[in-house]
Amino acid sequence: MENQDTPQIITHIEHNLNHSLFDCKWIPCSAKFVVIGSLPKGSGTIEIFEITSGEIKKVKDIERPNSFKCATFGASNDVERRLATGDFKGTLEIWDLEKSCQVYITKEHTDIINSIDGMGGSTVSCGAPEIVTGSRDGTVKVWDPRQRGKPVANMQPVKGETKRDCWAVSFGNSYNDTERIVVAGYDNGDLKMFDLRTMSLRWECNLKNGVCSTEFDRKDIPMNKLVATTLEGKFHVFDVRTQNPSKGFAQVLDSSTKSGTVWVARHVPQNRDLFVSCAGNGQVSLWKYEYPEQRCRIDSQGVACGVPGKLRRLQRMVVSTQPINAWEWNRDHLGLAVATSYDQNVRVLITTKLNLQ
Amino acid sequence: MERAFEIQKQVRDNAKTFQTYITDLQNWEAEMKRKEAALNGDFAQDLPPVRSKVKSEKPVQVKKPEKKIASSNYSAWEKFDVEKACEDIDMAEIGPVSLDSKKSQKEKQEKLREEAQYEKERGNAFVKQEKWDEAIKCYNRAIELVKDDAIYYANRGLCYLKKDSLHQAETDCTEALKLDPTYVKALQRRATARERLGSLRAASNDLNEVLKLEPNNIAAKKQLEAIKARMGTKGSKSKSSPTSESKLFKDILKPKVQPKIIELPDKPMKSQELSALEKWQSGLGEGITVMRPVKKPPHLRSKRALKSIPIQEIPLGKSSPEKLPTRMKIVEIEDNLGQGDTNNNDSNKLKNKSEETNSDIKVKGEGDTKLTSPESLKLITDSVVTEKEMCVHNLVPPVNSVQFMSVWKNLKGQGGVRSKYLSIIEPSKIPLIFENALESDVLSEILQILYEDKEKFREKSITAYLKGLCRVKRFSALAMFLSTNDKKLLNNLLEHCKTVEKCKEEEILDLKNKFEL
């Protein structure tokens with residue numbers, strides 16, 4: 001039997017849309033969220049929904065000729081709330097949703113932008129507002145909305161090397177105005193960590209399976225933990241506090257999910273040791289990372305080396321028949337989340353008792 | 001079966017948490033919608049420079065600082081314009097930033113004002129429901145957001161007034177009046193607060209102010225009249241005895257109270273013949289002044305620091321021996337006669353003794369002559385110790401630690417009596433007597449006594465005493481506190497046990513263990 005304090009994952013609202021959905025994001029400081037996707041005829045949509053007492057209501061939609069793949073509010077402050085999107089053709093756009101128009105548009109990528117992340121919008125003294133995009137053309141580009149047309153940083157393979165499809169990017173370690181790190185995951189299982197301050201590759205490893213999503217537990221602190229999910233039902237949790245020159249970071253691998261792909265993992269904004277992983281069979285699992293007694297030890301060479309913790313599954317729940325491809329927790333309300341899945345449904349989910357964990 | 005119940009309970013609990021979550025969520029939705037409506041417009045932020053531009057900008061920044069003048073370069077210092085340099089520094093600090101943010105500042109203010117207004121409205125709603133605490137919270141928030149609006153202070157003042165926090169109410173109204181001296185409501189509220197605080201003059205001043213602003217304000221007029229009446233009748237008295245009920249209340253009550261007073265003479269007997277209790281309370285015929293409890297509101301109490309009365313500790317029996325001996329002696333004899341062998345416990349006796357000693361001290365002031373009797377005159381010259389030795393005859397073995405401790409303390413400084421006292425205690429009863437109340441300092445005193453007067457314990461043997469002490473509860477903890485001196489004594493005692501009392505080797509070892517030697 002379950003413990004008294006076991007969180008429950010409940011589908012609060014389920015809403016069917018008749019097209020493919022790729023990403024969903026809460027609009028900061030509101031009870032609204034955007035869902036982006038592509039219509040059957042190949043055009044892209046941005047739809048804004050509002051939740052009101054158990055129902056969702058469409059507030060607005062925007063249609064564009066190209067399908068959107070990913071979106072973020074991360075680089076925008078809470079007043080302007082500008083959505084940055086990446087589309088199938090490699091265009092990066094920043095939207096003013098009030099006026100339904102772009103305020104920034106650039107097409108530097110030559111292929112689909114698979115992943116996007118933003119940082120620096122709402123936080124104070126945690127660096128410039130920046131957007132990072134990862135594309136099938138093998139490049140990872142960092143953008144500043146104040147600089148038009150050109151990226152502020154570009155990470156691409158050296159000439160002659162095969163270009164790998166970049167599936168996942170995310171920011172982290174941005175605890176002051178200068179430090180910032182980008183993590184990029186590739187289809188061949190490469191995971192690369194770029195330091196934007198020194199403009200160098202800080203660390204890389206291969207996870208054997210294509211990396212579908214990456215996320216730091218917090219973006220605006222000295223980097224603490226990193227989750228990377230992969231194909232074949234696995235995900236890795238790295239303790240990125242302590243980097244050993246030879247061994248890299250300590251990690252925990254979970255391969256208990258037997259369901260194709262773990263599409264996405266997202267940390268609870270109110271508790272960084274909790275995160276959900278969304279699996280290919282529509283199953284959502286809530287995990288808790290339990291730290292070891294000591295997070296680092298001195299190895300035989302006298303160098304600090306991280307100690308991995310443990311993963312505990314608090315709850316799991318099948319909420320969809322198809323893979324869940326995007327999940328986002330609400331920043332302002334504990335336990336509230338929105339998710340899209342390939343069964344063309346958008347769901348508002350509730351997780352209770354997270355405060356007890 | 002039980003499992004089924006548990007599962008059912010779990011399901012119900014989960015449903016409940018879910019329900020509360022949903023309600024929370026709905027409140028949150030409403031809150032978010034309101035917040036969202038409050039935010040629109042531009043947002044100014046200090047942002048770090050764009051990454052790729054940093055490099056090109058940096059060298060420029062580095063060049064900026066001017067050449068420092070060397071401290072030895074006097075001619076350069078003479079030309080140095082201090083005021084201009086100061087100005088430059090000031091400008092650098094406020095100049096560009098303040099210019100830049102001026103626009104947004106106004107909007108920010110506007111937003112804050114809106115938010116504060118909202119809080120005020122919520123507060124007003126709470127006031128209507130008479131939920132004063134919640135209302136105060138709302139006004140607090142409003143004041144936090146906008147500090148220069150008299151209304152928020154005045155409204156909070158009203159809530160405090162309703163809660164009878166008169167001082168807070170007064171300060172709030174004062175605050176409001178600082179911001180808006182013509183705020184009639186604040187004046188009236190302050191007047192009420194002050195009236196109830198008893199500062200009638202200040203209250204009437206406030207009301208006069210109100211009437212200046214609004215000559216036709218009937219409520220203020222009435223209140224002022226009432227205050228004047230109070231000032232007239234009670235005069236200065238009213239200041240010291242503020243009434244806690246409001247003025248309105250009083251007006252209604254007054255006519256009702258009077259007839260009751262008339263009715264009272266129906267029972268005249270009682271008022272004339274004081275009951276025994278009343279007599280006792282007033283201290284009639286006892287020749288004493290009764291200290292009545294003073295009931296004053298905190299603000300009227302004396303502000304002077306409390307007088308500290310030195311408290312002298314007079315240990316039982318040890319108190320100023322020159323004065324006591326005669327009476328002490330008499331008491332002792334009386335005790336013996338009165339109680340005989342009834343085996344009364346010692347502490348009772350001691351109490352009597354202490355009472356006697358106390359009364360003795362009082363009597364003492366009137367002169368020693370009173371006490372002189374041929375027998376006692378002799379005794380006065382006796383030393384304390386010998387007098388105390390006499391007490392030994394009355395020593396009774398204690399039943400519990402309290403008795404032991406009181407006698408033990410009593411005999412402080414008289415090793416001989418103490419050893420005697422100890423010797424009458426049955427060693428096997430030591431654990432029973434002390435239970436867990438043996439203290440380390442007492443233990444070391446006991447050891448000292450044992451060491452000093454080995455002869456007295458020959459009968460019962462020191463070994464037995466040591467064994468008895470070991471069996472006291474929590475002795476192991478006490479053993480840890482033994483000082484080196486104690487340990488020396490113990491070693492000596494054990495040696496004595498071994499040689500004189502012919503104690504067995506094992507027993508010595510066991511004792512050594514227990515005393516952690």
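Per chain, numbering begins at 1; letters A, B, ... match sequence-line order.
- Looking at A/T351, the atoms closer than 4.5 Å to chain B (heavy atoms on both sides) all sit in the backbone: N, CA, C or O.
- Contact annotation for A/R197: only backbone heavy atoms (N, CA, C, O) come within less than 4.5 Å of a heavy atom of chain B.
- A/Y104 is linked by a side-chain hydrogen bond (donor to acceptor under 3.5 Å, both in side chains) to nothing, counting only residues two or more places apart in sequence or in another chain.
- The contact between A/L334 and chain B is made entirely by backbone atoms, counting heavy-atom distances below 4.5 Å.
- Salt bridge absent: B/E175 and B/R156 never bring a charged side-chain N and a carboxylate O closer than 4.0 Å.
- For the pair B/E130 and B/K163, the salt-bridge criterion is not met [side-chain N within less than 4.0 Å of a carboxylate O].
- Neither the backbone nor the side chain of B/K35 comes within contact range of chain A; no heavy atom of the residue lies under 4.5 Å from a heavy atom of that chain.
- A salt bridge links A/D78 and A/R331; the closest N-O separation between the charged side-chain nitrogens and carboxylate oxygens is under 4.0 Å.
- Proximity to chain B is limited to the backbone of A/T178, based on heavy atoms less than 4.5 angstrom apart.
- Looking at B/E29, both its backbone and its side chain come within 4.5 Å of chain A, counting heavy atoms on both sides.
- Between A/K219 and A/D117 there is a salt bridge, with a side-chain nitrogen of the basic residue lying less than 4.0 Å from a carboxylate oxygen of the acidic one.
- A salt bridge links B/D13 to B/K9: one of the charged nitrogens lies within less than 4.0 Å of a carboxylate oxygen.
- When each of A/L201, A/V142, A/V169, A/I181 is paired with A/F194, the side-chain contact (heavy atoms from CB on, under 4.5 Å) condition holds for A/L201 and for no other.
- Among A/L336, A/I27, A/T352, the residue with the largest count of heavy-atom pairs under 4.5 Å with chain B is A/L336.
- Heavy atoms of A/I51 lying under 4.5 Å from chain B belong to its backbone as well as its side chain.
- Neither the backbone nor the side chain of A/E98 comes within less than 4.5 Å of any heavy atom in chain B.
- A/N330 touches chain B through its side chain: at least one heavy atom from C-beta onward sits under 4.5 Å away, while N, CA, C and O do not.
- Contact of B/I22 with chain A is made through the side chain alone, with heavy-atom distances under 4.5 Å.
- The candidate from A/S30, A/A128, A/P129, A/G127 with the greatest count of non-hydrogen atom pairs under 4.5 Å with chain B is A/S30.
- Ring planes of B/W28 and A/H333: tilted class, angle from 30 to 60°.
- Atom NE2 of A/H12 is separated from atom CD1 of A/I350 by 4.5 Å, given to the nearest 0.5 angstrom.
- Within the 4.5 angstrom heavy-atom criterion, no atom of A/K150 approaches chain B.
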